[in-house]
Trainee: 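Below you'll find the structure I mean.
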Amino acid sequence: MERRLKIYYTSDTHGYLFPTDYVNKEEKPMGVLSCSKSFEKDGNTLILDGGDTIQGSAFAKYMWENQADGCAISEVFNTAGYDYVTLGNHDFNYDYKGAHRYLSHLNAACLLANVIDHKGELGLKPYVIHTLENGLKVGLIGLVTDYVSLWEKPEHLQHLEILDTFETAQRTLEEVRPLCDITIGIYHGGFEADLQTGKTLAKGKENVGYRMCKELAFDVLLTAHQHMPVEGTDIHGTYVLQLPSNAVKYAKLEVVVGEKGKVITADCLTPESISLNEVPEALVEMQEQVQRWLDQKVGRFSKPIEPLSKLELALQGSKLADFCNKVQLAHTGADFSCTSLGNNPIGFNEEVTTRDIMAAYQFPNTLKVLEIDEATLKKALERSAQYYTLKGGEIVISECFVSPKVEHYNYDFFAGFNYTFDISKPIGERVTSITVNGKPLENRKYTIAMSDYRATGTGGYEFYSECPLVREYGVDIQELVIEYIRSHECIRIDDKINFEVKF
């Protein structure tokens with residue numbers, strides 16, 4: 001007798017609940033409510049989410065700063081009928097209290113095998129055996145990338161212990177497999193290897209999805225974190241998929257278990273459009289408040305900043321990155337500064353609103369100032385110089401910044417000195433000059449301001465993690481940018497560029 005399981009899956013929704021959540025005001029068929037409009041639930045259906053749920057959108061930022069009680073994001077997930085979720089790395093951004101607020105108002109159970117909650121108030125379960133109406137026993141295991149402990153502020157992980165992801169997956173799967181008919185991993189992590197060839201593309205343990213497929217035996221592994229569309233495929237006997245971010249897609253899977261084994265199929269679908277009259281009234285009111293907040297004028301620039309392509313910015317310089325570095329230097333008094341931009345091209349009009357700033361700087365990073373020397377600075381520049389490669393005599397973006405995950409945000413723009421890259425030289429030898437006021441660096445220590453994310457050493461900048469911390473700041477960079485613009489009548493944008501790329 002055949003028994004069927006239907007699964008709806010979302011991940012990396014980042015607080016995007018409505019079509020109007022995009023800060024550029026474009027109406028798009030997206031958001032958790034848009035996805036859930038297509039969910040059809042019965043006793044043989046599970047609705048799952050892969051994490052990075054409570055941070056990222058303008059709505060999420062506004063909710064955390066202005067909603068006194070409850071959690072609007074949890075309310076939407078409850079309305080949609082989610083059964084199980086896991087946490088992503090960004091779900092720890094609001095510390096233990098934030099995670100507790102989200103989960104305590106959520107009807108769905110949170111599965112997270114490789115996080116131990118020593119306080120015991122989050123209600124985390126390593127796994128669950130869910131028996132469907134048709135009798136099929138489904139074993140579900142939740143996992144998150146163990147790089148959470150590297151990226152997140154220690155105070156945000158108070159009461160929590162992050163375990164090795166792969167080892168936990170292996171141990172938990174061995175316990176679960178004999179108890180069920182089908183095993184499903186909900187993994188907030190991605191793939192470290194090319195899915196076609198198996199070639200390793202990324203070092204470290206941030207993503208271990210390919211290894212799980214190769215060495216473990218999940219029937220289904222629902223991945224996340226990389227925002228890399230994988231429309232359902234078999235890898236070493238495990239059926240995998242992954243969705244892009246911000247709820248622009250959801251997945252529908254069907255599992256048929258019969259005498260001939262298991263047959264698994266999936267579609268990654270675009271959600272239906274939804275109007276605000278289909279949204280609970282309290283959420284509509286908050287969304288309208290968000291839109292008014294986003295439209296608030298903050299200040300003005302001397303001229304617009306054009307949204308150039310990523311390669312153009314890396315060759316010609318970024319006025320937006322220059323401005324962010326200016327803010328960081330003004331706030332910290334550091335010798336140098338570095339910043340990065342998101343994956344999407346962003347520009348500013350002369351008149352700047354909160355919406356513009358949220359579009360340009362989406363994550364609530366804070367600032368740290370590290371002590372470095374010339375050798376460390378050169379390593380950082382060499383890492384950014386890997387962004388370029390030559391193809392047919394032309395400079396293009398290196399494959400390692402776009403595959404397996406698009407990571408333009410790991411290219412850094414620097415301020416406080418001048419530098420030159422020569423792309424014709426081998427990787428590691430491309431930085432040909434570093435000068436301050438036309439002179440080489442002195443044989444002394446310098447200070448450099450950067451986001452707390454970069455200061456962990458992530459993105460190929462591991463050496464930063466060994467640098468002494470000079471000072472750190474609790475206010476997020478979004479607020480610093482707003483404060484800086486408001487304190488100046490007009491922000492002057494000049495055309496100077498402090499680096500050169502040769503080939």
Side-chain angles (χ1 to χ4, degrees), residues 150-151 203-204 313-341 365-389 395 397-398 400-401 407-473 477 480 496-503:
L150 172 64
W151 296 327
K203 297 179 181 179
L313 295 174
L315 294 174
Q316 303 171 22
S318 166
K319 303 297 183 287
L320 180 55
D322 290 346
F323 167 67
C324 290
N325 275 324
K326 180 186 292 186
V327 173
Q328 293 181 181
L329 288 172
H331 190 75
T332 65
D335 298 311
F336 307 140
S337 176
C338 67
T339 192
S340 61
L341 301 175
N365 298 123
T366 56
L367 278 178
K368 288 189 174 183
V369 176
L370 305 183
E371 181 183 270
I372 61 170
D373 55 19
E374 182 178 4
T376 303
L377 183 60
K378 188 174 184 296
K379 288 180 183 178
L381 291 167
E382 289 287 357
R383 167 55 180 160
S384 283
Q386 294 178 24
Y387 189 72
Y388 314 88
T389 193
I395 297 180
I397 297 171
S398 176
C400 67
F401 278 80
E407 297 180 337
H408 296 297
Y409 52 80
N410 282 329
Y411 173 86
D412 281 356
F413 297 88
F414 295 81
F417 58 91
N418 291 71
Y419 54 103
T420 303
F421 294 146
D422 187 341
I423 307 308
S424 67
K425 294 183 179 296
I427 289 176
E429 302 176 16
R430 291 178 165 183
V431 179
T432 57
S433 73
I434 308 173
T435 61
V436 177
N437 297 323
K439 298 179 181 179
L441 295 188
E442 299 173 6
N443 184 24
R444 67 176 180 88
K445 302 294 185 180
Y446 293 86
T447 54
I448 183 169
M450 65 185 67
S451 71
D452 57 344
Y453 173 82
R454 182 65 77 232
T456 64
T458 194
Y461 299 83
E462 295 82 4
F463 40 84
Y464 281 146
S465 64
E466 301 175 1
C467 294
L469 175 64
V470 178
R471 52 188 174 274
E472 58 185 323
Y473 302 85
I477 298 174
L480 293 179
K496 292 181 180 179
I497 181 171
N498 67 323
F499 70 93
E500 182 180 7
V501 180
K502 298 179 178 179
F503 68 102

Trainee: Residues in ring-ring contact (aromatic ring centres under 6.0 Å, His included) with Tyr446, at least two apart?
Mentor: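 If we apply the ring-ring contact (aromatic ring centres under 6.0 Å, His included) test to Tyr446, skipping adjacent residues, the hits are Phe336.
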
Trainee: Do NZ/NE/NH1/NH2 and the carboxylate oxygens of Lys378 and Glu382 come within less than 4.0 Å?
Mentor: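 A salt bridge links Lys378 with Glu382.
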
Trainee: So does Leu381 get a backbone contact from the side chain of Ser384, meaning a donor-acceptor N/O pair under 3.5 Å?
Mentor: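 No.
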
Trainee: Do the non-hydrogen side-chain atoms of Tyr464 and Lys379 ever get within less than 4.5 Å of each other?
Mentor: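 Heavy-atom side-chain distance check fails, nothing below 4.5 Å.
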
Trainee: In Å, rounded to the nearest 0.5 Å, how long is the span from CD of Glu371 to CG of Leu469?
Mentor: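 Output value for this atom pair is 10.5 Å.
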
Trainee: Name all residues meeting the side-chain contact (heavy atoms from CB on, under 4.5 Å) criterion together with Ala455; count only those two or more places apart in sequence or in a different chain, and write none if there are none.
Mentor: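 Applying side-chain contact (heavy atoms from CB on, under 4.5 Å) to Ala455 gives Lys368, Leu370, Met450.
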
Trainee: For Lys326, which residues count as a salt bridge (charged side-chain N to carboxylate O under 4.0 Å, His left out) partner, sequence neighbours excluded?
Mentor: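 Salt bridge (charged side-chain N to carboxylate O under 4.0 Å, His left out) check on Lys326 returns nothing, list empty.
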
Trainee: Rounded to the nearest 0.5 Å, how far apart are OG of Ser433 and NZ of Lys502?
Mentor: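 Rounded to the nearest 0.5 Å, the OG-NZ separation comes to 7.0 Å.
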
Trainee: By side-chain contact (heavy atoms from CB on, under 4.5 Å), which residues pair with Phe503, not counting sequence neighbours?
Mentor: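 Partners of Phe503 under the side-chain contact (heavy atoms from CB on, under 4.5 Å) test: Leu390, Ile395, Ile423.
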
Trainee: Testing the basics here: between Thr456 and Ser465, what is the closest heavy-atom pair and its distance to 0.1 Å?
Mentor: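 It is O-CB, 3.4 Å.
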
Trainee: With sequence neighbours excluded, give me every ring pair (Phe, Tyr, Trp, His ring centres under 6.0 Å) pair touching residues 314-334.
Mentor: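 Qualifying pairs, neighbours excluded: Phe301-Phe323, Phe323-Tyr484, His331-Tyr473.
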
Trainee: Report yes or no: does Gln328 contribute a side-chain atom to a donor-acceptor pair with the main-chain N or O of Cys338 at less than 3.5 Å?
Mentor: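 Pair found, side chain donor or acceptor close to backbone of Cys338.
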
Trainee: Name all residues meeting the side-chain contact (heavy atoms from CB on, under 4.5 Å) criterion together with Lys319; count only those two or more places apart in sequence or in a different chain, and write none if there are none.
Mentor: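 Checked Lys319 against side-chain contact (heavy atoms from CB on, under 4.5 Å); matches are Ile305, Asp322, Ile493, Asp495.
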
Trainee: Identify, with sequence neighbours excluded, every residue that meets salt bridge (charged side-chain N to carboxylate O under 4.0 Å, His left out) alongside Glu442.
Mentor: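 Testing Glu442 for salt bridge (charged side-chain N to carboxylate O under 4.0 Å, His left out), a comparison that skips the adjacent residues, returns Arg444.
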
Trainee: Starting at CG of Leu377, measure out to CG of Leu441 and round the result to the nearest 0.5 Å.
Mentor: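 Between Leu377 CG and Leu441 CG, I get 6.5 Å after rounding to 0.5 Å.
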
Trainee: State, to 0.1 Å, how close Asn325 and Ser337 come at their nearest heavy-atom pair, and which atoms those are.
Mentor: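 In this case the closest contact between Asn325 and Ser337 is OD1-OG, 2.6 Å.
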
Trainee: Hey, does Phe413 have a side-chain heavy atom less than 4.5 Å from the side chain of Leu320?
Mentor: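 The answer is no; the side chains never approach within 4.5 Å.
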
Trainee: Could I get the full list of ring-ring contact (aromatic ring centres under 6.0 Å, His included) partners for Phe499, not counting sequence neighbours?
Mentor: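 ring-ring contact (aromatic ring centres under 6.0 Å, His included) check on Phe499 returns Tyr419.
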
Trainee: For Tyr388, check ring-ring contact (aromatic ring centres under 6.0 Å, His included) against everything at least two apart and list the hits.
Mentor: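 Partners of Tyr388 under the ring-ring contact (aromatic ring centres under 6.0 Å, His included) test: Tyr411, Phe421.
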
Trainee: Could you work out, with salt bridge (charged side-chain N to carboxylate O under 4.0 Å, His left out) as the rule, every residue matching Glu462, not counting sequence neighbours?
Mentor: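 Counting only residues at least two positions away or on another chain, Glu462 forms no salt bridge (charged side-chain N to carboxylate O under 4.0 Å, His left out).
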
Trainee: Just by distance, with hydrogens left out, do Asp452 and Thr366 show a side-chain donor and acceptor under 3.5 Å apart?
Mentor: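 Judged by distance alone, the side chains do pair up.
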
Trainee: Quick one: closest heavy-atom pair of Asn365 and Ser451, and the distance?
Mentor: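 Closest approach of Asn365 to Ser451: CB-CB, 3.9 Å.
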
Trainee: Please check: side-chain N/O of Thr447 versus main-chain N/O of Ala334, any donor-acceptor pairing under 3.5 Å?
Mentor: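 Not confirmed, Thr447 side chain does not pair with Ala334 backbone.
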
Trainee: Salt bridge (Lys or Arg N to Asp or Glu O under 4.0 Å): which pairs involve residues 408-424, sequence neighbours left out?
Mentor: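 Residue pairs with at least one partner in residues 408-424: Asp412-Arg454.
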
Trainee: Show the nearest heavy-atom pair for residues Ile497 and Gly317, with the distance to one decimal.
Mentor: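 Smallest heavy-atom distance, with atoms named: CD1-N, 3.7 Å.
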
Trainee: Is it true that the side chains of Tyr461 and Thr376 contain a donor and an acceptor less than 3.5 Å apart?
Mentor: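 There is no such pair between these side chains.
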
Trainee: Kindly write out the residues that satisfy salt bridge (charged side-chain N to carboxylate O under 4.0 Å, His left out) with Lys425, not counting sequence neighbours, or none if the list is empty.
Mentor: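 Not a single residue meets the salt bridge (charged side-chain N to carboxylate O under 4.0 Å, His left out) criterion with Lys425.
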
Trainee: Minimum heavy-atom separation for Tyr387 and Ala314, please, with both atom names.
Mentor: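 Minimum heavy-atom separation between Tyr387 and Ala314: CE2-CB, 3.6 Å.
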
Trainee: For Phe414, does its backbone N or O pair with a side-chain atom of Asn498 as donor and acceptor, under 3.5 Å?
Mentor: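 At least one qualifying donor-acceptor pair exists.
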
Trainee: For Leu315 and Val501, which heavy atoms make the closest approach, and how far apart are they?
Mentor: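 That would be CD2-CG1, 4.0 Å.
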
Trainee: Do Phe463 and Ile372 have side chains that approach each other closer than 4.5 Å (heavy atoms only, starting at C-beta)?
Mentor: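 With C-beta onward as the side chain, the pair stays apart.
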
